[in-house]
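Read through the structure below, which is laid out as structure tokens, and then see the notes.
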Amino acid sequence: MVNITVCYLVAYGAAQPLIRYLFSGLETTLQDNIAMLAGMCIFVALNYCGQRFFVFRKKES
């Protein structure tokens, strides 16, 4: 649960300011939708890495 929360906060916290900067000419609601999409893509990537390398890594015998 902590993994998902941290990944989501990092992803959306990083995506929203970047999208607002890149798409400053668009409406705020459209910027928020793009930021959510970008944040969720970052979230999926971070969550995959966290699960792959920390949660379910193979232990060497």
Side-chain angles (χ1 to χ4, degrees):
M1 183 60 130
V2 173
N3 181 30
I4 293 172
T5 305
V6 170
C7 285
Y8 184 78
L9 289 174
V10 168
Y12 194 64
Q16 190 171 19
L18 179 64
I19 295 301
R20 287 190 188 260
Y21 175 74
L22 292 175
F23 296 102
S24 60
L26 297 177
E27 296 177 14
T28 305
T29 54
L30 190 54
Q31 289 176 355
D32 288 341
N33 289 338
I34 295 170
M36 184 62 76
L37 176 63
M40 291 312 295
C41 290
I42 296 169
F43 165 77
V44 168
L46 290 175
N47 192 33
Y48 173 78
C49 292
Q51 298 265 340
R52 174 81 168 90
F53 297 113
F54 297 108
V55 177
F56 295 113
R57 69 178 173 192
K58 293 181 180 178
K59 295 180 182 175
E60 297 186 23
S61 306

>> With clusters defined by side-chain heavy atoms of hydrophobic residues (ILVMFWY) lying less than 4.5 Å apart, directly or transitively, does Met36 cluster with Val44?
In response: yes
> Are Leu22 and Leu26 co-members of a hydrophobic cluster defined by side-chain heavy atoms under 4.5 Å apart?
Replying inline: yes
>> Does any part of the side chain of Phe23, heavy atoms only, come nearer than 4.5 Å to the side chain of Ile34, both counted from C-beta?
In response: yes
> Looking at OH of Tyr48 and CZ of Phe53, how far apart are the two atoms once the value is rounded to the nearest 0.5 Å?
Replying inline: 6.5 Å
> Any idea which heavy atoms bring Ile19 and Ala35 closest together, and the distance?
Replying inline: CG1-CA, 3.8 Å
> What are the two closest heavy atoms between Ala14 and Pro17, and how far apart are they?
Replying inline: O-CD, 3.7 Å
>> Tell me every residue that passes side-chain contact (heavy atoms from CB on, under 4.5 Å) with Thr28, counting only those two or more places apart in sequence or in another chain.
In response: Arg20, Asp32
